[in-house]
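What follows is a set of notes on a single structure, which appears directly below.
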Amino acid sequence: MSAQDVRSRVSGPSTPPPARILVVDDEPISRDNLALALARQGHETVTASGGIEALGLLQDSDFDMVLTDLMMEGMDGLALLREVKSRHPDVEVVVITGYPTVDTAVEAMRAGAYDYLAKPYRIDEARLLVHKALEKRRLRLEVARLREQLRERTLPVPMLGAAPCMVELKRTIAQVAPSDVTVLILGETGTGKEVAARMVHLFSRRSEARFLAINCGAFNEELLESELFGHEQGAFSGATRQKKGLFEAVEGGTLFLDEVGEMSLAMQVKLLRAVQERCIRRVGGTADIPVDVRLVAATNKDLKTEVETGRFRQDLYFRLNVLVLSMPPLVQRREDLPLLARYFAEKASRETDRPAPGISDEVMDILGRYAFPGNVRELQNVIERAVVFCNGDEIRPAHLSPELREVSLHVSRAGDRQPMTLEECEREQIRWTLEHAADNRTLAAKLLGIDRASLWRKIKRHGL
């Protein structure tokens, strides 16, 4: 036995983090004594006299753990255990039994119980078991959270481009990201505003925390308020349980408000309060909840004009307009077309499990003459469609949409800047990303949307 084990046996376990525990037993004295003992450790305890009542409580509210007696009238402990693990798999369950046998233990463990507690038990024994079960749950949720962060930290589309305007934009992002102030991203639809927001997050001191995005134009006022600030149980029809909003869910991280110009004036007032006071109030609640969140907002509207016409609050505009990033439309960065087109072709090919086709000169000529009103997002759609229809090793004009095939091949390109070669674009993109990722190749690979081995090969080929 280790010294640490001896100390645990003598002084008992250290106080576990407070949890919400449901104690289920049809014997009132046993149920209340256990609930009281756990409450004295700082836990919030709720009691139920049977399995049916317990399931109702679990449906209406969140719990971290359930301790249930095995032998009860109606639904017994094993039946309750199976229902809990089926409906609420993250909740740990400990079964309490006065008839401990090997068969009982095996059946409980197979049904998903953390462990079982044999009657009569000492309170310290119950506390230790609860502590271990809650620690297991905490570690499991932490692993899930870290996996989610890894998924979130991978850009859906990397910020590719070596055009002067893109080089300047990425340089600006690297400068403003560590400052932790609010950022406003302006640009047409499809220019990659969310990609820029994710880069701000990745280069910030909050990069280990969560990044969450919400399209403010996709919700009506009532739903948007609930999504952002959460609501209390019974706050409105259908609010059967308490819900945390995005401001609480992203604590310590970055919240991206896309299309913030679509917010109603009433919602703008509530957002302004959250930005100024750094606290929120759930719908139907009365308590102010402090929040530590970095805001990045984006819009395709001219907010100055919106302020002048009374559709956007001036005070909120000044709060959001601290650092501004302007996303260039695709027509201002035509030299990036080859790099972007190849990236989207490779991405679409991976998703359809087929070799990536090349892109013919005729197709690149057509793409270079097209206006792309939908910007990078439209280019992605164009290439994905072409990959689907391509039945050879090269995308040709016949694989493009009719609208693109009708683009004249004789339009003058006078005044266009001579584009870089594909190799030059790729080399410049990798060089910049490595520089601003402080030569962290793992982070650079994520920013570029490739794996680390592919990045190593490209670095070697380009002599970087």
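The chain is numbered in sequence order, starting from 1.
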When you compare the side chain of [Y] with that of [X], does any pair of heavy atoms fall below 4.5 Å?
{"X": "T45", "Y": "L22", "value": "no"}
{"X": "L303", "Y": "L184", "value": "yes"}
{"X": "F312", "Y": "L320", "value": "yes"}
{"X": "S226", "Y": "F219", "value": "no"}
{"X": "L367", "Y": "V382", "value": "yes"}
{"X": "R294", "Y": "S204", "value": "yes"}
{"X": "F247", "Y": "L212", "value": "no"}
{"X": "V46", "Y": "V23", "value": "no"}

[X] side, atom [atom1]; [Y] side, atom [atom2] - distance, nearest 0.5 Å:
{"X": "D69", "Y": "D76", "atom1": "CG", "atom2": "CG", "result": "9.5 Å"}
{"X": "T68", "Y": "L80", "atom1": "OG1", "atom2": "CG", "result": "4.5 Å"}
{"X": "L272", "Y": "E277", "atom1": "CG", "atom2": "CD", "result": "8.5 Å"}
{"X": "F372", "Y": "L379", "atom1": "CZ", "atom2": "CG", "result": "4.5 Å"}
{"X": "S49", "Y": "M72", "atom1": "OG", "atom2": "CE", "result": "9.0 Å"}
{"X": "D124", "Y": "L129", "atom1": "CG", "atom2": "CG", "result": "12.5 Å"}

**OP:** May I have the step-by-step check of side chain to side chain donor-acceptor pair (under 3.5 Å) for Y317 and E306, ending in yes or no?
**Re:** CA-CA 10 Å; Y317 171 68; E306 295 293 297; over 6 Å; no

**OP:** Walk me through it: do R110 and E107 pass the test salt bridge (charged side-chain N to carboxylate O under 4.0 Å, His left out)?
**Re:** CA-CA 5 Å; R110 283 178 176 172; E107 190 173 0; over 6 Å; no

Around atom [atom1] of [X], are there more than 12 heavy atoms of other residues, nucleotides or ligands at under 6.0 Å?
{"X": "K301", "atom1": "NZ", "value": "yes"}
{"X": "K85", "atom1": "NZ", "value": "yes"}
{"X": "R354", "atom1": "CZ", "value": "yes"}
{"X": "L223", "atom1": "CG", "value": "yes"}

Are the side chain of [X] and the backbone of [Y] linked by a donor-acceptor contact shorter than 3.5 Å?
{"X": "T191", "Y": "E188", "answer": "yes"}
{"X": "E92", "Y": "M65", "answer": "no"}
{"X": "R137", "Y": "D90", "answer": "yes"}
{"X": "T352", "Y": "A348", "answer": "yes"}
{"X": "K170", "Y": "L160", "answer": "no"}
{"X": "Q268", "Y": "M263", "answer": "yes"}
{"X": "H201", "Y": "A177", "answer": "no"}
{"X": "T309", "Y": "T305", "answer": "yes"}
{"X": "H43", "Y": "A19", "answer": "yes"}
{"X": "N375", "Y": "L330", "answer": "yes"}

Grab the two heavy atoms, one from [X] and one from [Y], that are nearest each other, plus how far apart they are.
{"X": "G187", "Y": "K193", "value": "O-NZ, 3.2 Å"}
{"X": "R273", "Y": "D288", "value": "NH2-OD1, 3.0 Å"}
{"X": "S326", "Y": "L169", "value": "O-CD1, 3.9 Å"}
{"X": "A54", "Y": "V24", "value": "CB-CG2, 3.7 Å"}
{"X": "G42", "Y": "P18", "value": "O-CB, 3.5 Å"}
{"X": "I123", "Y": "A37", "value": "CG2-CB, 3.7 Å"}

**OP:** Dump the intermediate steps for side-chain contact (heavy atoms from CB on, under 4.5 Å) on R333 and D336, then the final yes or no.
**Re:** CA-CA 6 Å; R333 44 182 297 219; D336 290 335; 3.1 Å; yes

Would you call [X]-[Y] a salt bridge at under 4.0 Å N-O?
{"X": "K243", "Y": "E227", "answer": "yes"}
{"X": "R31", "Y": "E27", "answer": "no"}
{"X": "D180", "Y": "R206", "answer": "yes"}
{"X": "K347", "Y": "E351", "answer": "yes"}
{"X": "R171", "Y": "E168", "answer": "yes"}
{"X": "D315", "Y": "R313", "answer": "yes"}

Subject >> Geometric cation-pi criterion R20 and F63, 6.0 Å radius, 45° cone >> reply: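 Yes, R20 and F63 form such a contact.
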
**OP:** Kindly indicate, with the supporting measurements, whether the criterion side-chain contact (heavy atoms from CB on, under 4.5 Å) is fulfilled by L323 and T182.
**Re:** CA-CA 7 Å; L323 290 172; T182 302; over 6 Å; no

No-hydrogen, no-angle side-chain donor-acceptor test under 3.5 Å, [X] and [Y]:
{"X": "Q380", "Y": "Y343", "result": "no"}
{"X": "E259", "Y": "N215", "result": "no"}
{"X": "N300", "Y": "T189", "result": "yes"}
{"X": "E232", "Y": "Q242", "result": "yes"}

**OP:** Determine, step by step, whether E44 and I21 satisfy the side-chain contact (heavy atoms from CB on, under 4.5 Å) criterion, reporting the C-alpha distance in whole Å, the side-chain angles of both residues, the deciding distance to 0.1 Å, and the verdict.
**Re:** CA-CA 6 Å; E44 179 185 353; I21 301 175; over 6 Å; no

Subject >> Trace of the salt bridge (charged side-chain N to carboxylate O under 4.0 Å, His left out) decision for K304 with E308 >> reply: CA-CA 6 Å; K304 287 185 179 179; E308 292 169 359; over 6 Å; no

Subject >> Partners meeting ring pair (Phe, Tyr, Trp, His ring centres under 6.0 Å) with F256 (sequence neighbours left out) >> reply: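 Expected list: none.
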
Original post:
Would D25 and I96 satisfy side-chain contact (heavy atoms from CB on, under 4.5 Å), going step by step from the backbone distance to the final call?
Top reply: CA-CA 9 Å; D25 197 332; I96 303 172; 5.7 Å; no

